[in-house]
Amino acid sequence: MTTDGLVRGPYAEIARWLAATPREALERRRHEAELLFRRVGITFAVYGEGGDPERLIPFDIIPRILAHAEWEELSRGLAQRVKALNLFLLDVYGAQEILRAGRIPAALVRGNEAFRPEMKGFVPPGGVYTHIAGIDVVRTAPHEFWVLEDNCRTPSGVSYMLEGREAMLRLFPDLCARHRIAPVGHYPEELLEALKSVAPPNCRGLPRVAILTPGSYNSAYYEHCFLADEMGVEVVEGPDLFVENDVVHMRTTTGPQRVDVIYRRIDDDYLDPRVFKPESVLGVAGLMAAYKAGNVTLANAPGAGIADDKAIYPYVPEMVRFYLGEEPLLANVPTWLCERDEDRAHVLGHLDELVVKLTKGSGGYGMLVGPHSTAEQRAEFAARIRAKPADYIAQPTLALSTVPTLVEKGIAPRHVDLRPFVLFGKEVRIVPGGLTRVALREGSLVVNSSQGGGTKDTWVLEDDPADIAKPTGGAG
């Protein structure tokens with residue numbers, strides 16, 4: 001929000017608003033936001049804990065703002081990255097040219113549990129694997145964004161982006177009206193169009209889309225129902241579908257209806273008991289046969305997870321160069337692969353400085369944040385790394401940008417990241433903004449909701465107030 005104590009242009013109006021609004025009024029609005037979210041049922045589940053697992057994700061009422069020019073720069077980099085990731089998936093399940101060229105170690109791909117041999121030689125409808133990608137980016141300087149990780153399987157969080165904007169429009173209509181904020185409410189329409197655009201070859205007439213959910217116990221179940229409602233499509237569970245003559249049908253009160261595109265929110269392992277885990281009751285027997293027969297599209301495609309594996313992540317810039325012949329517009333965070341002897345030695349010698357992550361981890365679990373760790377925790381992680389080095393990567397602790405956040409002590413800086421959602425059908429579509437996640441604990445770098453993080457509305461300004469820091473009355 002500030003540079004050298006002066007307020008940046010895009011935040012000038014926010015600074016005036018904060019200066020003019022009593023703390024009690026902000027607290028009242030925060031309470032109203034919580035009631036609003038509770039009323040519409042925006043919750044997430046925390047597994048492995050006793051009691052009621054359903055919780056509200058804390059919502060901070062001070063928006064995070066991006067100027068139009070910086071969003072344009074960021075979105076170009078996002079589109080480039082998702083195109084390269086998709087070409088990588090087409091290649092590794094096809095000719096594997098990038099592996100034969102030695103640009104990525106073949107063993108890292110072929111021996112990876114996220115690699116699905118069942119997809120070898122098959123090209124999904126439209127040649128698209130990554131229909132919905134959530135690319136996590138962090139900011140470390142005014143014009144410096146880094147990609148923290150790629151989510152190419154079943155990225156979640158878009159419902160919080162949409163509901164957060166709705167809450168801000170309700171709670172602060174005057175403040176919103178004083179800014180030209182790029183809208184995000186059309187995301188469900190964009191998603192539906194992207195899914196319809198990759199209908200399978202044997203689709204008859206208008207494509208019928210459905211969302212396949214694991215059910216009400218899934219942590220993102222609210223989002224599955226929310227998106228289905230917004231798109232005007234059915235949300236179904238495995239038993240609601242059946243396959244006959246390699247065609248997927250949905251059971252309805254008026255009889256079976258053919259389904260052409262399935263936005264699946266369940267993991268590969270549970271999609272089809274005939275192909276993956278035979279004990280799965282979440283998926284649909286025969287689904288993969290229907291897929292390969294050209295009668296249904298699965299989004300995202302099975303096997304897409306190899307593109308977002310943390311051990312593959314360091315090679316994404318090379319994918320951009322190899323497939324697109326371009327230099328990456330977005331940089332990767334420097335990463336050490338613990339399975340390499342030299343990298344492992346460096347990590348073990350600098351555990352107090354690094355962030356160590358499980359290559360298969362998510363949600364902020366299985367992490368060591370070195371600067372905030374104890375000697376006992378570092379010793380434990382050192383033992384884990386030595387025992388299973390291929391399971392871990394390490395990265396430096398970046399000086400993540402902070403944004404003003406309403407906390408118990410008042411307004412204070414808290415670290416944030418950003419997850420823009422990139423849609424890929426016949427073309428790349430990116431709704432301006434994304435989900436800003438904020439680490440509510442003082443000094444914390446972990447923004448995940450399962451680790452105490454919250455969310456903010458992300459405003460991309462359609463006009464471009466000069467991004468020049470200047471004094472603003474009362475906004476110290």
Side-chain angles (χ1 to χ4, degrees), residues 70-101 103-104 108-109 114-116 119-120 122-138 145-155 158 187 190-199 261 263 297-333 335 418-435 460:
E70 55 194 9
W71 171 253
E72 287 293 303
E73 182 180 345
L74 178 58
S75 59
R76 283 194 298 271
L78 293 168
Q80 179 196 58
R81 191 172 181 99
V82 170
K83 287 176 184 175
L85 288 166
N86 192 69
L87 289 168
F88 166 72
L89 288 164
L90 282 168
D91 184 25
V92 295
Y93 290 114
Q96 299 191 338
E97 291 178 1
I98 199 167
L99 305 186
R100 291 191 283 118
R103 307 287 273 273
I104 299 177
L108 201 59
V109 173
F115 181 72
R116 296 294 180 184
M119 291 294 291
K120 287 177 69 175
F122 175 70
V123 177
V128 180
Y129 270 85
T130 51
H131 308 82
I132 304 99
I135 309 297
D136 292 346
V137 297
V138 293
F145 288 96
W146 300 75
V147 174
L148 202 55
E149 65 180 56
D150 307 288
N151 297 282
C152 299
R153 306 178 203 207
T154 54
V158 74
Y187 175 88
E190 297 280 358
L191 173 59
L192 185 58
E193 285 305 309
L195 293 172
K196 285 182 175 180
S197 74
V198 288
V261 181
Y263 177 17
T297 296
L298 297 178
N300 286 344
I306 188 63
D308 67 20
D309 185 87
K310 290 184 177 66
I312 298 295
Y313 160 88
Y315 298 94
V316 177
E318 194 57 35
M319 295 178 198
V320 173
R321 298 183 187 98
F322 187 80
Y323 296 115
L324 302 177
E326 301 169 358
E327 279 302 306
L329 298 174
L330 292 175
N332 265 22
V333 178
T335 303
L418 176 66
R419 175 176 290 181
F421 295 92
V422 184
L423 301 175
F424 196 179
K426 282 190 175 177
E427 59 185 13
V428 174
R429 305 162 185 247
I430 310 176
V431 169
L435 177 66
V460 173

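Basis for what follows: all heavy atoms, side chains included, without hydrogens, waters or symmetry-related copies.
To the nearest 0.5 angstrom, L324 atom CG is 7.5 Å from K83 atom NZ. Remark: L78 CG to W71 CH2 distance equals 6.0 Å, nearest 0.5 Å. If you take CZ on R76 and CG on L329, they are separated by 7.5 Å, rounding to the nearest 0.5 Å. Once rounded to the nearest 0.5 Å, the distance linking CD1 of I306 with CG of L108 reads 7.0 Å. Separating the CG atom in L418 from the CG atom in D136 is a distance of 8.5 Å, to the nearest 0.5 Å. Rounding to the nearest 0.5 Å gives a distance of 5.5 Å between CD of Q96 and NZ of K120.
In this structure, the side chain of N332 does not engage the main chain of V316 through any donor-acceptor pair within 3.5 Å. Checking side-chain atoms of D309 against main-chain N and O of A114 turns up no donor-acceptor pair under 3.5 Å. A donor-acceptor contact shorter than 3.5 Å links the side chain of Y93 to the backbone of R116. A donor-acceptor contact shorter than 3.5 Å is absent between the side chain of Y263 and the backbone of H131. A donor-acceptor pair under 3.5 Å links the side-chain atoms of S197 to the main chain of K426, judged by distance alone. No donor-acceptor distance shorter than 3.5 angstrom exists from the side chain of Y187 to the backbone of F421, with no hydrogens or angles considered. Remark: side-chain polar atoms of R153 are paired, donor with acceptor, to backbone N or O of G305 under 3.5 angstrom. Looking at N86, its side chain does come within 3.5 Å of a backbone N or O of T130 through a donor-acceptor pair. Checking side-chain atoms of D308 against main-chain N and O of C152 turns up a donor-acceptor pair under 3.5 Å.
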Run L195 and L423 through side chain to side chain contact (heavy atoms under 4.5 Å, CB included) and show every step you take. CA-CA 9 Å; L195 293 172; L423 301 175; over 6 Å; no

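The shortest distance between side-chain heavy atoms of P124 and L90 falls below 4.5 Å. Using a 4.5 Å cut-off on side-chain heavy atoms (C-beta onward), V109 and F88 make contact. Residues I132 and P155 have side chains in contact (heavy-atom distance under 4.5 Å, counting atoms from C-beta outward). Within the 4.5 Å cutoff, side-chain heavy atoms of M319 are placed close to those of I104.
Between A79 and I430, the shortest heavy-atom contact is N-CD1, 4.1 Å. Residues F322 and R103 come closest through the heavy atom pair CD1-NH1, 3.4 Å. Across all their heavy atoms, V82 and A133 have their closest contact at CG2-CB, 4.0 Å. Looking at every heavy atom in both residues, P420 comes nearest to I135 through CD-O, 2.9 Å. E190 and V431 get closest at one heavy-atom pair: CG-CG2, 4.4 Å. Of all heavy-atom pairs spanning Y323 and L87, the tightest one is CB-CD1, 3.7 Å.
At a threshold of 4.0 Å, the pair R321-E327 counts as salt-bridged, since one of the basic side-chain nitrogens sits closer than that to a carboxylate oxygen.
Scanning for side chain to side chain donor-acceptor pair (under 3.5 Å) contacts around E73 gives an empty result, with sequence neighbours left out.
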